[in-house]
Amino acid sequence: MVDGYNLIFAWDELKALAQKSLDTARAKLEHILENYNGYRQCHLILVFDAYRVKGQHCEVEQHGNLQVVYTKEAETADSYIEKTSHRLAKTYRVRVATSDGMEQLIILGGGALRISAEEFRQEVLQTSAKIRGFLLEMEMHSQKKTIEKK
């Protein structure tokens, strides 16, 4: 599980985008996590606060292989993550990416693992490098096959 706004404002690249457009920063984070999730083959839930939006009902959207949750009115991402991670941790291994110290303690007490926004960023960057390497290898293999056919 990922606390979306926590990551956006913890990662410099996304924070800069958010200063211009929060929608663009959210879309960029979704794109990054779709790639990460596709390579890592895990079930990833990205959670955004919508607690200040009047009349907002909890919305769950599927973006490729990524589940995106917008919390309901008066519900923070923290409370959604706490409740959901506690429920899921009974059956699955759950990790939560957030740099909110209090949230990390609550999550740990609920049976889930925690990872800071920076640690998760490093993991995402390493995964992105592996994806690029795989794609480069596939491209080189494809070019080699084309040359052999000539």
Side-chain angles (χ1 to χ4, degrees), residues 1-53 56 58-72 74-144:
M1 296 187 80
V2 174
D3 185 335
Y5 289 128
N6 186 276
L7 259 62
I8 285 174
F9 292 105
W11 294 4
D12 290 339
E13 166 193 358
L14 296 175
K15 188 176 183 179
L17 280 175
Q19 290 174 350
K20 297 175 184 168
S21 168
L22 198 51
D23 288 338
T24 302
R26 274 195 307 263
K28 177 72 173 180
L29 179 59
E30 288 174 17
H31 177 75
I32 290 167
L33 294 181
E34 283 176 12
N35 287 337
Y36 169 85
N37 197 29
Y39 186 83
R40 297 292 298 252
Q41 296 295 301
C42 57
H43 181 81
L44 202 146
I45 303 169
L46 175 59
V47 183
F48 290 109
D49 290 309
Y51 73 97
R52 292 183 183 167
V53 180
Q56 173 72 28
C58 184
E59 288 184 25
V60 179
E61 301 173 354
Q62 200 65 35
H63 293 242
N65 58 358
L66 176 68
Q67 187 176 3
V68 181
V69 175
Y70 295 92
T71 64
K72 63 185 177 184
E75 181 180 37
T76 64
D78 289 349
S79 67
Y80 180 90
I81 289 169
E82 289 166 18
K83 174 178 61 180
T84 304
S85 66
H86 181 71
R87 179 176 47 83
L88 293 174
K90 293 175 184 175
T91 309
Y92 304 100
R93 192 183 101 189
V94 177
R95 281 193 327 157
V96 177
T98 181
S99 285
D100 183 324
M102 183 61 74
E103 186 67 12
Q104 287 182 348
L105 288 174
I106 293 168
I107 287 162
L108 202 54
L113 303 171
R114 60 190 163 87
I115 185 169
S116 74
E118 182 54 32
E119 290 169 324
F120 187 61
R121 180 178 169 276
Q122 292 304 316
E123 190 175 298
V124 168
L125 290 172
Q126 289 171 355
T127 301
S128 294
K130 289 177 183 178
I131 292 169
R132 281 190 303 277
F134 174 77
L135 293 174
L136 184 59
E137 184 178 313
M138 294 303 292
E139 183 179 328
M140 288 172 41
H141 181 71
S142 176
Q143 288 175 356
K144 182 179 176 183

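Since this is a predicted model, take the numbers as computed values, not measurements. Atoms considered below: every heavy atom in the structure, side chains included; atoms not considered: hydrogens, waters and symmetry mates.
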Applied to residues 95-115, the salt bridge (charged side-chain N to carboxylate O under 4.0 Å, His left out) test, sequence neighbours excluded, yields Arg95-Glu123
Leu44 CG to Glu34 CD distance, which is reported to the nearest 0.5 Å | 10.0 Å
Taking Ser99 for the side chain and Ala117 for the main chain, is one N or O donor matched with an acceptor at less than 3.5 Å?
-> yes
Pairwise distance NE2(His43) to CG(Leu66) - rounded to 0.5 angstrom = 9.0 Å
Take atom NE2 in His63; do more than 12 heavy atoms of anything else shown fall under 6.0 Å from it?
-> yes
Is the number of heavy atoms from other residues, nucleotides or ligands within 6.0 Å of CD (Gln62) greater than 12?
-> yes
Which atom of Val94 lies closest to which atom of Ser85, heavy atoms considered | CG1-CB, 3.9 Å
Kindly assign one of parallel, tilted or perpendicular to the pair Phe48 and Tyr70, based on the angle between their ring planes and the thresholds 30° and 60°.
-> parallel
Rounded to the nearest 0.5 angstrom, the CE-CD1 distance for Met1 and Ile45 is 4.5 Å
Where Leu46 and Gly4 come nearest, the two heavy atoms and their spacing = CD1-CA, 3.6 Å
Of all the heavy-atom pairs spanning Leu17 and Thr24, show the shortest one and how long it is.
-> CD2-CG2, 4.0 Å
One should read off an interatomic distance between Leu29 CG and Ile8 CD1, to the nearest 0.5 angstrom, of 5.5 Å
Can you tell if the side chain of Leu33 reaches within under 4.5 Å of the side chain of Phe120, non-hydrogen atoms only?
-> yes
Candidate pair Gln122 and Glu118, rule side-chain hydrogen bond (donor to acceptor under 3.5 Å, both in side chains), full reasoning | CA-CA 6 Å; Gln122 292 304 316; Glu118 182 54 32; 2.8 Å; yes
For Cys42 and Tyr36 the tightest heavy-atom approach is SG-CE2, 4.3 Å
State the CG-CD1 distance between Leu14 and Ile32, to the nearest 0.5 angstrom.
-> 5.0 Å
For residues Ile81 and Asp3, determine if any side-chain heavy atom of one lies less than 4.5 Å from a side-chain heavy atom of the other.
-> yes
Verdict with reasoning, Thr71 to Val47, per side-chain contact (heavy atoms from CB on, under 4.5 Å) = CA-CA 7 Å; Thr71 64; Val47 183; 3.9 Å; yes
Just how far is it from atom CE of Met102 to atom CD of Glu82, taken to the nearest 0.5 Å?
-> 10.0 Å
At their closest point, which heavy atom of Val69 faces which heavy atom of Val60, and how far apart are they?
-> CG2-CG2, 4.1 Å
Counting heavy atoms not belonging to Lys83, are there more than 12 under 6.0 Å from its NZ?
-> yes
Where do Tyr5 and Arg26 come nearest, in terms of heavy atoms and distance?
-> OH-NH1, 2.7 Å
Examine distances only and state if a side-chain atom of Asn6 and a backbone atom of Thr98 form a donor-acceptor pair shorter than 3.5 Å.
-> no
